[in-house]
**Student:** 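Just passing along the structure, written as structure tokens.
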Amino acid sequence: MVNWNNVAWFLRGSKTGRTLVEFYPSACMVLAFLVLTFPLLAGGGWPQPKGYGYFKLSEWWIVADQHYTDAGRIDPNITNGLFNTNLYAEYGFTDRLTGILFFPLFSRNYFNNEVSGTTGEVIKVGEDLNSIGDANLGFKYGLTKPGSAVAISTTLTLGLPLGESAGGTEGNLQTGDGEFNQMLQVDAGVSFGSSETPLYANAFFGANNRTNDFSDELRYGIEFGAGLANQKLWLIGRVQGITSLKNGKEPSEVSSASIFSNNAEILNAGAEVNYYLTKMLGISAGFAAPLSGEIIFAAPAYTVGVFYDMKK
Amino acid sequence: MDPEVRIVNPIDTLALGSNYEFLYRYFDQTGLETELPGGIWSSDNPSAISITTDGFATGVSIGSALISVQIQSENGSDVRAEHLVHVGATTSSTNTLRKGSLRSTSSYKLQGDFTAEQMGSMVILSFEANYEASSSLPGLYAYLTNNPNSVNNAFEIGAVEIFKGAHTYEIENISLNDYSHLLYYCKPFRVKVGDGELE
């Protein structure tokens, strides 16, 4: 028989979607050739219970020497990297209303030296930019009662442009995109499986309204998770996508030197493992790899972290 | 890329009985112009045009000759350039126009024919109506270069602001033979988009 309490606690408590935030640090944080931001899916369809929360400190990074072009093909580029140290928090104000904060405490964007393939001479010295990153502030509201067979919630996320949008001598280093965006998303999740192996599935769909002539976006994803080893170990797989409505300005028109190109799209597949060291404290690791895209880096992103999961 | 020696002041016709000094410039395997003395000039028809080894030509009789310059590169290989010259009534050059076609060397769209014309100290770079470039890249720039693989030592024309159709650039204080290629390059991402040889 399924131990629904365990499944529900895991879903509410941590894994579902929370790693989306880590893989795609904020709704503003993605670079045209770096990462695309994904919405806060935090907790999937399950809000936090009143007075309980989930907190995570993680490191997320991507290093890419190729990207998807506007035709969806892969071309090379100078090696570019982004490393973020992120704080993530969820807290249940009521059994249906959860507050969510994603804050990149430290964000580092760099590109390598450009070296002549003929002479080995350094043509352009690499540069870096270090700052805080763009943050997300969100509110999730449960549309269904706690304990419902299908948990449905809606989340409003505000992308706060706290990072730098034009660093380096060419203005091509960014830890943020300089635009304030608002995203509304709906999640639906179900729990199933057995008490020995609880399972869950969650799907989301969101619309992201972007400012400063950036194109609006549709975001979507599905996720499956399984609890093993008496629910100490949770394995997660997910597929997520972003489709641009391409109703903003062309990248060439937004900023002549901006790395935050517009009209980026991506379809990603990822996996993650979470392990509870104690009842509340755990560690996690995961990756996400692009399956297709446009005007975005073609490289996997990785994350490792430690989390604290308040349990009833 | 291979080193190149380039005749920088070619003429089409040399006046009978007059003299003309040909000049060359040498570009190494990176496209960098390098001072390299020792170029040897020659004529394949000295009865029409005679030329000294250091480039002073004389129109001897009505006819034509292939004028050549050869130099040994830093790595020991022979590099050569040649130009057909006729002997006539006046010394003249119609070599004030070069043309070419853009091609994409990436997955981004870049196409179109262009001409480069010397107008005094200015070069007018004109693109035909079939020109088209991708507007999906931030920071697409156009360059004139002697190495189509790099913007190193290239002349930056400027940010590309027209992505379709005929248009022109007026480039001051350069010579038509200073560069061999047009280069389109995404500056922020250091991505070569495409090029076109000035023929």
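Below, chain A is the first sequence line, B the second, and so on; all start at residue 1.
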**Student:** Which pairs count as salt bridge (charged side-chain N to carboxylate O under 4.0 Å, His left out) when at least one residue sits in residues 124-148 of chain B, sequence neighbours excluded?
**Tutor:**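 Residue pairs passing salt bridge (charged side-chain N to carboxylate O under 4.0 Å, His left out), neighbours aside: B:Lys109-B:Glu132.
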**Student:** Could you report the tightest heavy-atom contact between B:Tyr108 and A:Tyr68, atom names first, then the distance?
**Tutor:**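 Looking at all heavy atoms of both residues, the shortest contact is OH-O, 4.1 Å.
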**Student:** Which heavy atom of A:Ala71 sits nearest to which heavy atom of B:Ser107, and what is that distance?
**Tutor:**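 That would be CB-O, 4.0 Å.
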**Student:** Has the side chain of A:Asp70 got a donor or acceptor atom that lies under 3.5 Å from a matching backbone atom of B:Ser136?
**Tutor:**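 It does not hold such a pair.
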**Student:** I need the contact set between residues 144-155 of chain B and chain A: heavy-atom distance under 4.5 Å, sorted by residue number.
**Tutor:**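 So far as heavy atoms go, B:Ser150, B:Asn152 are the residues that approach chain A to under 4.5 Å.
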**Student:** With a cut-off of 6.0 Å (strictly less than), are more than 12 heavy atoms of other residues, nucleotides or ligands near CE of B:Met119?
**Tutor:**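 No, because the 6.0 Å sphere around CE of B:Met119 holds 12 heavy atoms or fewer from other groups.
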**Student:** Could you grab the distance from atom CG of A:Asn263 to atom OG of B:Ser135, nearest 0.5 Å is fine?
**Tutor:**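 Result: 8.5 Å between the selected atoms.
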**Student:** For chain A, which residues from residues 19-32 of chain B lie under 4.5 Å away (heavy-atom distances)?
**Tutor:**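 Counting heavy atoms that sit under 4.5 Å from chain A, the residues of residues 19-32 of chain B involved are B:Gln29, B:Thr30.
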**Student:** Write down the atom of B:Val191, the atom of A:Pro76, and the distance for their closest heavy-atom approach.
**Tutor:**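 Between these two residues, the closest heavy atoms are CG2-O, 3.6 Å.
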**Student:** Mind checking the CD1-CG spacing from A:Ile295 to B:Leu137? Nearest 0.5 Å is all I need.
**Tutor:**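 So the gap between those two atoms works out to 5.5 Å.
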**Student:** Distance check, rounded to the nearest 0.5 Å: B:Lys192 atom NZ versus A:Asp75 atom CG?
**Tutor:**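 Those atoms lie 12.0 Å apart.
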**Student:** Heavy atom to heavy atom, less than 4.5 Å: which residues from residues 33-65 of chain B reach chain A?
**Tutor:**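 Residues of residues 33-65 of chain B touching chain A at under 4.5 Å: none.
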